[in-house]
Amino acid sequence: MALPFPDSSRRQSLIPSFLYSSSLASKTLGFESRSIIGKDCNSDVKSSFVIQAPSEPAGKIQLYSPEFYAACTFGGILSCGLTHMTVTPLDLVKCNMQIDPAKYKSISSGFGVLLKEQGVRGFFRGWVPTLIGYSAQGACKFGFYEFFKKYYSDIAGPEYASKYKTLIYLAGSASAEVIADIALCPFEAVKVRVQTQPGFARGMSDGFPKFVKSEGALGLYKGLVPLWGRQIPYTMMKFASFETIVEMIYKYGIPTPKNECSKPLQLGVSFAGGYVAGVFCAIVSHPADNLVSFLNNAKGATVGDAVKKFGLWGLFTRGLPLRIVMIGTLTGAQWGIYDAFKVFVGLPTTGGVAPAAAPATELAKV
């Protein structure tokens with residue numbers, strides 16, 4: 001005798017989960033639960049057939065809960081720490097091109113000089129302070145961005161949050177980066193010194209105490225203001241342009257609504273949006289990047305010394321092509337990893353078509 005289940009209950013068990021969206025599935029499942037309860041079926045059968053969508057686990061993280069911010073923080077650690085460590089060879093060549101352009105004349109010759117003088121191992125010099133520093137920065141950058149984005153949206157209210165969403169992205173990312181750079185700065189100082197002064201130290205373990213002995217503890221933060229000058233515009237561009245680009249991709253480039261797209265497609269959009277955003281980031285933040293490399297390399301150096309050495313044109317262009325390649329790839333990979341982790345823990349990917357704000361008259365009724 002056939003059980004009186006709706007046809008859609010068989011669809012859940014026969015069709016793979018990636019062919020339907022989790023949001024649609026959850027709505028359908030809720031309807032089916034109520035339908036079955038109303039029928040003359042025992043509870044054991046109901047629990048066996050009416051299941052939650054695979055991407056919506058029973059312990060699903062609630063948006064803007066402490067668990068949500070913890071997940072975003074950990075996703076930021078993975079996305080920034082791993083990616084920056086992976087591109088250490090590119091970063092090493094870039095820093096040396098900025099400090100000694102006469103010796104490191106181009107990308108290819110820079111790799112050749114490093115290989116000849118330091119061997120293959122030399123390409124990963126400074127990877128430990130890079131991993132630790134950018135993991136700490138990523139934790140603060142992504143975790144506090146999600147916090148401040150929600151905080152400023154609540155202050156603005158639903159109507160103005162939707163109308164001025166780009167300003168909220170800019171304000172939230174800038175606020176997060178101020179905190180993130182305080183965490184990064186000491187490790188960035190040691191990294192640059194280790195990478196641009198052969199013989200200074202082998203890595204983090206001996207480079208950190210040696211730097212403090214030479215410059216003092218406050219010397220670790222000598223480059224904080226230029227670091228803010230580099231990272232705050234970079235991060236504002238990174239988050240605001242990413243959110244805008246992803247929204248435009250879903251709105252104009254993909255005919256299917258985001259919640260009906262497969263997770264691999266959503267992650268592909270995250271990577272593409274991140275790469276394009278990274279190109280803009282590199283251009284906006286490059287002058288300050290040259291300043292940071294110069295100040296952390298030379299003891300007692302000032303911003304004025306850097307301007308005299310580089311010139312205004314040099315500040316904007318020296319090492320820029322390599323940095324565009326590096327930052328574009330880096331930013332695309334960061335958004336891909338970050339959103340992949342969010343999907344892994346049951347959260348939606350970042351960005352998409354923003355919902356229309358409710359009219360003021362409707363808000364007043366709520």
Side-chain angles (χ1 to χ4, degrees), residues 21-24 26-27 56 60-73 75-76 79 138-180 231-254 256-261 266-267 269-270 272-274 276-278 280-281 284 331 334-335 338-339 341-343 345-366:
S21 89
S22 58
S23 61
L24 291 174
S26 60
K27 293 175 184 176
E56 307 275 356
K60 179 183 176 182
I61 297 174
Q62 296 296 316
L63 291 178
Y64 312 118
S65 65
E67 293 79 11
F68 168 78
Y69 293 118
C72 294
T73 298
S79 68
C140 298
K141 185 198 298 274
F142 283 91
F144 280 109
Y145 171 69
E146 299 287 1
F147 171 79
F148 283 118
K149 184 168 69 169
K150 176 69 164 57
Y151 179 73
Y152 294 142
S153 294
D154 288 345
I155 291 176
E159 185 176 2
Y160 288 110
S162 178
K163 186 176 181 180
Y164 300 108
K165 59 182 181 293
T166 301
L167 291 178
I168 288 174
Y169 300 151
L170 291 170
S173 57
S175 301
E177 191 60 38
V178 169
I179 300 170
Q231 290 297 129
I232 291 176
Y234 164 88
T235 301
M236 292 170 73
M237 181 65 74
K238 173 179 179 175
F239 283 88
S241 62
F242 173 82
E243 298 261 17
T244 303
I245 291 165
V246 168
E247 180 177 336
M248 291 176 67
I249 290 174
Y250 282 116
K251 193 172 183 179
Y252 302 110
I254 299 176
T256 308
K258 177 186 174 181
N259 62 351
E260 295 180 15
C261 295
Q266 291 184 35
L267 293 177
V269 170
S270 295
V276 176
F280 294 134
C281 293
V284 166
T331 308
Q334 285 177 355
W335 278 114
Y338 178 67
D339 276 348
F341 181 76
K342 288 177 73 175
V343 168
V345 297
L347 292 169
T349 58
T350 308
V353 179
T361 54
E362 291 186 16
L363 291 173
K365 297 176 184 178
V366 178

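The structure presented is a predicted model; accordingly, all values stated were derived computationally and were not measured.
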(request) For the pair Tyr164 and Tyr160, name the ring-plane relationship: parallel under 30°, tilted 30 to 60°, perpendicular over 60°. (result)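 Taking Tyr160 first and then Tyr164, their aromatic rings lie parallel (interplane angle under 30°).
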(request) Flag yes if more than 12 heavy atoms outside Tyr69 fall under 6.0 Å of its OH atom; otherwise flag no. (result)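 Atom OH in Tyr69 is crowded, with more than 12 foreign heavy atoms closer than 6.0 Å.
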(message) Is it the case that atom CZ in Phe280 sees more than 12 heavy atoms from other parts of the structure closer than 6.0 Å?
(response)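 It does not: Phe280 CZ has 12 such atoms or fewer within range.
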For the atom pair [atom1] ([X]) and [atom2] ([Y]), what is the distance rounded to the nearest 0.5 Å?
| X | Y | atom1 | atom2 | answer |
| --- | --- | --- | --- | --- |
| Ser241 | Tyr169 | OG | OH | 11.5 Å |
| Ile254 | Glu260 | CD1 | CD | 12.0 Å |
| Phe148 | Ile155 | CZ | CD1 | 10.0 Å |
| Glu247 | Lys258 | CD | NZ | 10.5 Å |
| Gln62 | Glu67 | CD | CD | 9.0 Å |
| Lys251 | Thr244 | NZ | OG1 | 11.0 Å |

(message) For Tyr152 and Ser175: C-alpha separation, side-chain torsions, deciding distance, then whether side-chain hydrogen bond (donor to acceptor under 3.5 Å, both in side chains) applies.
(response) CA-CA 11 Å; Tyr152 294 142; Ser175 301; 2.8 Å; yes
(message) Could you check, using the six-membered ring where one of them is a Trp, whether Phe239 and Phe142 have ring centers closer than 6.0 angstrom?
(response)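 Yes, ring centres under 6.0 Å apart.
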Side-chain heavy-atom pair [X], [Y] within 4.5 angstrom cut-off:
| X | Y | result |
| --- | --- | --- |
| Glu243 | Thr350 | yes |
| Cys72 | Tyr338 | yes |
| Asp154 | Tyr64 | no |
| Pro348 | Leu63 | yes |

(message) Can you tell whether the side chains of Lys238 and Glu177 come within less than 4.0 Å, N to carboxylate O?
(response)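 No.
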If you look at every heavy atom in [X] and [Y], which pair is closest and at what distance?
| X | Y | value |
| --- | --- | --- |
| Gly273 | Val246 | CA-CG2, 4.4 Å |
| Ala161 | Ile168 | CA-CD1, 3.6 Å |
| Val343 | Thr349 | CG2-CG2, 3.6 Å |

